[in-house]
Amino acid sequence: MNFGGVIENVMTREEFPLEKAREILKNETIAVIGYGVQGPGQSLNLRDNGFNVIVGQRQGKTFEKAKADGWKPGETLFSIEEACERGTIIMCLLSDAAVMSVWPTIKQYLKPGKALYFSHGFAITWNDRTGCVPPKDIDVIMVAPKGSGTSLRTMFLEGRGLNSSYAVYQDATGKALEKTLALGIGIGSGYLFETTFQREATSDLTGERGSLMGAIQGLLLAQYEVLRENGHSPSEAFNETVEELTQSLMPLFAKNGMDWMYANCSTTAQRGALDWYPRFHDAIKPICQWLYTSVKLGNEAQISIDANSKPDYREGLEKELKALRESEMWQTAVTVRKLRPENN
């Protein structure tokens, strides 16, 4: 498929229908390990689409959540060890930190001919740091939804699909690609585009630290602070910085593109946007390059591994998140959300 003059390998639901996916995986037992961020959405979508799915999860709150979602202990809900033993396709949907700690357990059940599935390339791409080196006689594959597990499930229930990337790291059976695509369709992907474990991991970490979360928070906070420092009220600063962006403009340029936005705003807005976007681009691109280099060298992976390994990691994380949550900008957001018409 042509993307702006560049040809990419893409698979759609029309080209790879659900019936074909079911036929390919009809003799497989899909064991979903982990029921945190991606586990619920992927496992429930697979179950609803008619695949043979079980869940492996340790006892605790998340185990109880799985029970509440209809997974039955001893039938479709097991310990991690038993699910790995039963599964012919082991879907490792644990957090990156959890993958490293549980890896010795998972590895002993990776018998010849099985498939090991990820939704993130982190553990394999930096396996010199994570220790996750799979045996050579299994398939190692990936489908990475481009959004949260919650979005994957919500869009599935609405009859839509969340786009996903896919990759084959190791093909021991000669059937790794068809299994990958079948799983991608089974979890409810909109369309699937080809990548590698390394490209997915580097683009994912870059995106999280960049335009998806890190950079957007930095940009919004900087503009909000400048407005507040120049006498604008919290409500005005928030509306001009965040609310108009998320509630009015984002849905429009998500649907029609930023080029459409530029063509359909006031002449004053057009002139300002055309003059200022190159200045932002020139200021920000060196930071993006610095970020990408840090990701590609493995520095960001090591920072994550080191941070997640500290015994007081959770306490430190909660302090940082609490400071973000209690900042004036996001406390203003709480009030603004309550004042939206749909909440009144």
Side-chain angles (χ1 to χ4, degrees), residues 34-41 60-62 64-65 68 93-98 101 120 122 145-154 162 204-251 253-254 276 280 283-284 287-288 290-291 294-295 299-344:
Y35 208 75
V37 177
Q38 283 290 336
K61 289 183 179 178
T62 313
E64 294 304 312
K65 181 180 186 301
L93 299 181
L94 299 157
S95 69
D96 295 326
S101 64
H120 187 20
F122 187 103
K146 297 299 103 182
S148 70
T150 301
S151 298
L152 182 73
R153 180 61 176 166
T154 300
L162 186 65
D204 188 82
L205 266 66
T206 299
E208 291 166 348
R209 286 150 180 75
S211 65
L212 302 179
M213 292 179 70
I216 193 68
Q217 165 65 12
L219 173 61
L220 296 177
L221 182 60
Q223 181 171 302
Y224 179 88
E225 288 176 342
V226 167
L227 289 172
R228 290 286 291 120
E229 289 160 6
N230 283 276
H232 298 268
S233 69
S235 181
E236 184 169 52
F238 186 84
N239 273 276
E240 294 292 354
T241 300
V242 181
E243 190 74 352
E244 185 174 353
L245 171 68
T246 59
Q247 301 305 300
S248 175
L249 302 186
M250 274 188 171
F253 69 73
W276 278 89
F280 278 103
I284 293 168
I287 300 175
C288 291
W290 175 17
L291 165 59
S294 184
V295 171
N299 297 341
E300 297 301 311
Q302 192 62 54
I303 290 168
S304 296
I305 291 168
D306 292 344
N308 293 340
S309 300
K310 292 179 180 178
D312 61 347
Y313 168 66
R314 287 289 175 188
E315 291 82 354
L317 175 64
E318 181 49 40
K319 286 181 182 178
E320 292 182 271
L321 295 177
K322 184 173 184 286
L324 183 64
R325 184 168 60 248
E326 295 181 353
S327 67
E328 184 188 277
M329 184 169 75
W330 292 115
Q331 284 301 301
T332 299
V334 173
T335 303
V336 171
R337 285 196 295 269
K338 290 177 181 176
L339 292 172
R340 288 175 187 162
E342 65 266 23
N343 296 324
N344 290 297

Which heavy atom of [X] sits nearest to which heavy atom of [Y], and what is that distance?
{"X": "Ser304", "Y": "Arg209", "result": "OG-NH2, 3.4 Å"}
{"X": "Leu94", "Y": "Ala98", "result": "CB-CB, 3.8 Å"}
{"X": "Pro40", "Y": "Lys65", "result": "CG-NZ, 3.7 Å"}
{"X": "Thr62", "Y": "Tyr35", "result": "CG2-O, 2.8 Å"}
{"X": "Pro145", "Y": "Leu162", "result": "CB-CD2, 4.0 Å"}

With a 4.5 Å cut-off on side-chain heavy atoms, are [Y] and [X] touching?
{"X": "Pro234", "Y": "Tyr224", "answer": "yes"}
{"X": "Asn239", "Y": "Gln247", "answer": "no"}
{"X": "Gln331", "Y": "Thr335", "answer": "no"}
{"X": "Leu245", "Y": "Met250", "answer": "yes"}

Value rounded to 0.5 Å, distance of [atom1] in [X] from [atom2] in [Y]:
{"X": "Gln38", "Y": "Arg153", "atom1": "CD", "atom2": "CZ", "answer": "13.0 Å"}
{"X": "Glu320", "Y": "Glu318", "atom1": "CD", "atom2": "CD", "answer": "10.0 Å"}
{"X": "Asp204", "Y": "Glu300", "atom1": "CG", "atom2": "CD", "answer": "12.5 Å"}
{"X": "Ser294", "Y": "Gln302", "atom1": "OG", "atom2": "CD", "answer": "11.0 Å"}

More than 12 heavy atoms of other groups within 6.0 Å of Tyr313 OH:
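Correct, the count exceeds 12.
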Side chain to side chain contact (heavy atoms under 4.5 Å, CB included) between Leu205 and Phe122: does it pass, once the steps are laid out?
CA-CA 9 Å; Leu205 266 66; Phe122 187 103; 4.1 Å; yes
Whether [X] side chain and [Y] backbone form a donor-acceptor pair below 3.5 Å:
{"X": "Ser211", "Y": "Gly207", "answer": "no"}
{"X": "Arg228", "Y": "His232", "answer": "yes"}
{"X": "Thr332", "Y": "Glu328", "answer": "yes"}
{"X": "Asn343", "Y": "Leu339", "answer": "no"}

Step by step, would you call Leu324 with Trp330 a side chain to side chain contact (heavy atoms under 4.5 Å, CB included)?
CA-CA 7 Å; Leu324 183 64; Trp330 292 115; 4.1 Å; yes
Keeping to residues at least two apart or across chains, list the salt bridge (Lys or Arg N to Asp or Glu O under 4.0 Å) pairs with something in residues 302-311.
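Of all non-adjacent pairs touching residues 302-311, none passes salt bridge (Lys or Arg N to Asp or Glu O under 4.0 Å).
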Quick check on side-chain contact (heavy atoms from CB on, under 4.5 Å): which of Val226, Leu220, Leu227 does Gln223 satisfy it with?
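For Gln223, the side-chain contact (heavy atoms from CB on, under 4.5 Å) test succeeds with only one of Val226, Leu220, Leu227, which is Leu227.
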